[in-house]
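Below: one structure, written as structure tokens.
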Amino acid sequence: MIDRNKLFAMIIGIILISAAASYFIINTNELELDKIKIGIIDSGCAINQASSIFEYSVFTTMNNNYPYDDSSKYDNIGHGRYVCEILINGSPNSIIYSAKIANAEGLITYQGLFEAIKYMIEEKDVDIINLSLGGEFFVNTDLMNAFESYASDKLFIAAAGNKGNVGIHNSGYVDWPAVLPWVIGVGASEDGYDRSSYSSYGKNYEGFNVVEYVNSGKINNLAGTSFATPKITVVFAEAWYKLKNEGYEITPEKLNYIVSKSTEFEKFSNEIGWGAPILENIEYAEGVAIVGEDEIDGMDRFIGENWQKNWKIIGDIDVENFIFEGNGSEIVSQFNLIKYDWGKILEINFYSTNNSGKFILSINHEGNRGINYTFNVKDELIETEVLIDHSHSVNGYAHEYGEYFEIEKQLRNEGIYVKQTSIEVTELENYDLIIIPNFGETYKFDKIFNRTFKENIMDKYTNYVDMGGKIILHTPSSYNLDNNKYVNSINKLGGIITENTIKYSNNKMIYVQNLTSMSEFEGVKSIGIYGPEILPINSTQESLGWQMITNNNLRNYLSIGIKCKVGDGYVYILSGSSMLINDNFKNLNDNYDQFIYNVLSTI
């Protein structure tokens, strides 16, 4: 069982809903046992849909860490009713349960979400859970382990999100829980071929693609991946019902493979996955598929470097059935097929000993063509090394395929070796510069996190800087500044602020825009980049459908820069937003790169 204290609420505005608590059965018709049971976890279904919903349940209570009890079991924000409408009309061979986890203001808590999932699975034994919701990716081991344990015989289908105008590898803009490996991520496409502009896509923290299927995201005057998701759930539910009644033994993984064969595409696409599944094409099949397309690695590698790549595998296969061909096979040092209850991950380790040049690894299986992975190894030794240390990111959001992916790629292309890690590193002296994203956290609802702020890490970093090292601390800055732990701990560095780029007044922070007073900021206008944690002054946001409307006047962005002299080294504290990649503000991303180059040039 989950420790409720560890699931202390963090109330957030999520991409379109979730909630938890007391239960109200309103349809007592005898359950038809041969039908597929679907759990809709959302803002509730509408009151006029009651005859089609087997049970309504409510989780939006103070017991689940909501600010007040919202006992209404019906949708009152205009979201869940449309999800329910799609499933009611599209899946006649299903029994539908509604769990309300978004209150009247559209707020959810992680505990509410978890309690709803647990109730749907442990008490109602549903087959599929539809999650037309999403939010930032926060790590809690208890919650993640429990969530994953349910995925062995249950299907989770979730919206990828509506922040699609970002770089492909920036998983910071793909929503949780779609980023989880055992969840089927859904994007939007109006024609089944091209991704809708708002539809998120990208890689998860394991390094493989999140979006596996797409469908139209439109209903009435609304649009979003929230409404594409139930259309995919319809196909899975009806396919499961059909195959089960034909006498086949079906697991979620096998069903995913069968559904992937029903689309019009033979190959996977980064933006739309397998495309839109077609129910009429569903037929039982044995086989295996690699969730991924041909990939050209944008990262330059170096002689003597180790790295790892992962691919999600669906279907029945053993590791000996994979065939590796091409000159890239010379660089493969080890490979393994890791089997989970919910599926498999093909893990390949590379080691570029004395080999350099362009390499292609063809990954095939059982005589069938799979995918090609192309990468480049530079004919030069590593001279400058940068560590991006995510191990102390309190919210656990950052990872190597997330917000710093483009930063790493550009630094590597300049001949700078970059290592991103979420594992605590002890030999800091091996690195010329350390970047620490999300150091400390601005949210006060932090008891849900396993990665709690460790005061003693200040000693480790301080010793590194004392010996001449350089550290960049990059942190969000928009909320709860008085509770920002890294700000409260900065005096422990024992350093002095060498540039007057931030002032204090009555223990409050005054932010400044101009960062050019430091030589390292030459050519840098601002590091306050648009993201979930910060918005421009006077900006607005419409949550229904998550159509973002912002004031794009860059002068209104707030950011800070502090330079601290500690021993023989320096600490740079940058604060704005933790999101560094956004196609709308690439010029600012370039400025951030320039700042890093300027710091490195002084080494």
Side-chain angles (χ1 to χ4, degrees), residues 167-169 171 203-209 270 290-313 319-320 322-338 345-365 369-391 399-402 404-435 593 596-597 600 603:
I168 185 168
H169 292 289
S171 300
K203 293 188 176 184
N204 65 10
Y205 59 91
E206 293 281 2
F208 48 77
N209 295 88
N270 282 329
I290 300 174
V291 179
E293 69 173 3
D294 291 348
E295 178 180 350
I296 299 176
D297 195 334
M299 298 285 187
D300 281 338
R301 307 294 174 175
F302 295 88
I303 289 178
E305 181 180 355
N306 293 282
W307 75 96
Q308 182 184 99
K309 292 286 292 182
N310 297 326
W311 286 269
K312 182 177 179 179
I313 308 297
V319 67
E320 59 267 20
F322 284 99
I323 301 171
F324 299 145
E325 298 176 318
N327 64 344
S329 60
E330 303 169 8
I331 313 296
V332 174
S333 60
Q334 186 179 10
F335 61 92
N336 191 23
L337 186 66
I338 305 173
I345 293 180
L346 177 63
E347 178 185 278
I348 303 180
N349 292 289
F350 298 86
Y351 179 50
S352 55
T353 51
N354 295 316
N355 299 311
S356 63
K358 180 181 179 180
F359 296 88
I360 300 176
L361 175 66
S362 295
I363 306 171
N364 305 312
H365 52 86
R369 182 183 182 278
I371 62 171
N372 291 327
Y373 168 55
T374 302
F375 56 94
N376 182 61
V377 179
K378 284 193 168 185
D379 186 16
E380 58 186 79
L381 299 175
I382 298 171
E383 295 185 0
T384 304
E385 300 188 34
V386 173
L387 173 68
I388 302 178
D389 183 2
H390 299 298
S391 64
H399 55 87
E400 61 180 305
Y401 292 96
Y404 270 83
F405 181 89
E406 295 293 333
I407 296 292
E408 176 181 356
K409 182 168 68 175
Q410 293 180 40
L411 290 175
R412 280 178 171 272
N413 292 343
E414 293 292 327
I416 298 170
Y417 171 77
V418 179
K419 177 180 177 62
Q420 296 198 58
T421 181
S422 296
I423 301 172
E424 188 167 344
V425 177
T426 55
E427 298 177 348
L428 299 180
E429 64 276 7
N430 293 337
Y431 296 94
D432 301 292
L433 173 67
I434 299 175
I435 301 173
D593 296 342
I596 296 175
Y597 296 145
L600 288 170
I603 294 175

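Predicted model only: the values in this text are computed from it and were never measured.
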Close side-chain approach of V332 and F350, heavy atoms under 4.5 Å
yes

Should I313 and I290 be marked as a side-chain contact (heavy atoms from CB on, under 4.5 Å) after you check the CA-CA gap, both sets of side-chain angles, and the distance that decides it?
CA-CA 5 Å; I313 308 297; I290 300 174; 3.8 Å; yes

So do the side chains of I371 and E295 get within less than 4.5 Å of each other, counting heavy atoms only?
no

Using 0.5 Å steps for rounding, measure from the NZ atom of K309 to the CD atom of E206.
12.0 Å

With side chains defined as the heavy atoms from C-beta onward, is the minimum distance between V377 and N355 less than 4.5 Å?
no

Dump the intermediate steps for side-chain contact (heavy atoms from CB on, under 4.5 Å) on N306 and N349, then the final yes or no.
CA-CA 7 Å; N306 293 282; N349 292 289; over 6 Å; no

Describe, in one word, how the ring planes of F359 and F375 are oriented to each other, choosing from parallel (under 30°), tilted (30 to 60°) and perpendicular (over 60°).
parallel

Would a line drawn from the ring center of F322 to the ring center of F335 be shorter than 6.0 Å?
no

Donor-acceptor pair between N336 and E347 side chains, under 3.5 angstrom:
no

Quick one: pull up CD1 in I296 and OG1 in T374 and give me the separation to the nearest 0.5 Å.
5.5 Å

Can you confirm whether I348 sits close enough to I363 that some side-chain heavy atom of one is under 4.5 Å from a side-chain heavy atom of the other?
yes

Has the side chain of N327 got a donor or acceptor atom that lies under 3.5 Å from a matching backbone atom of I360?
yes

Determine whether I596 and I435 make a side-chain contact, defined as any pair of heavy atoms from C-beta on separated by less than 4.5 Å.
yes

Calculate, to the nearest 0.5 Å, the distance between atoms CG and CD1 belonging to L346 and I338 respectively.
9.0 Å

Minimum-distance pair of heavy atoms, taken over all atoms of S362 and N372:
OG-OD1, 2.6 Å

Does G370 offer a backbone N or O that forms a donor-acceptor pair with the side chain of N364 under 3.5 Å?
yes

Compare every heavy atom of T384 with every heavy atom of D432, then report the nearest pair and how far apart it is.
OD2-CA, 3.3 Å

Using a distance-only test with no angle check, is there a side-chain donor-acceptor pair under 3.5 angstrom linking E385 and N430?
no

With sequence neighbours excluded, give me every salt bridge (Lys or Arg N to Asp or Glu O under 4.0 Å) pair touching residues 411-423.
E305-R412, E408-R412

Testing the basics here: between F208 and N310, what is the closest heavy-atom pair and its distance to 0.1 Å?
CB-O, 4.0 Å

Which distance, rounded to the nearest 0.5 Å, do you find between the CG of N413 and the CG of N376?
9.0 Å

Check against side-chain contact (heavy atoms from CB on, under 4.5 Å), Y417 and K378:
CA-CA 11 Å; Y417 171 77; K378 284 193 168 185; over 6 Å; no

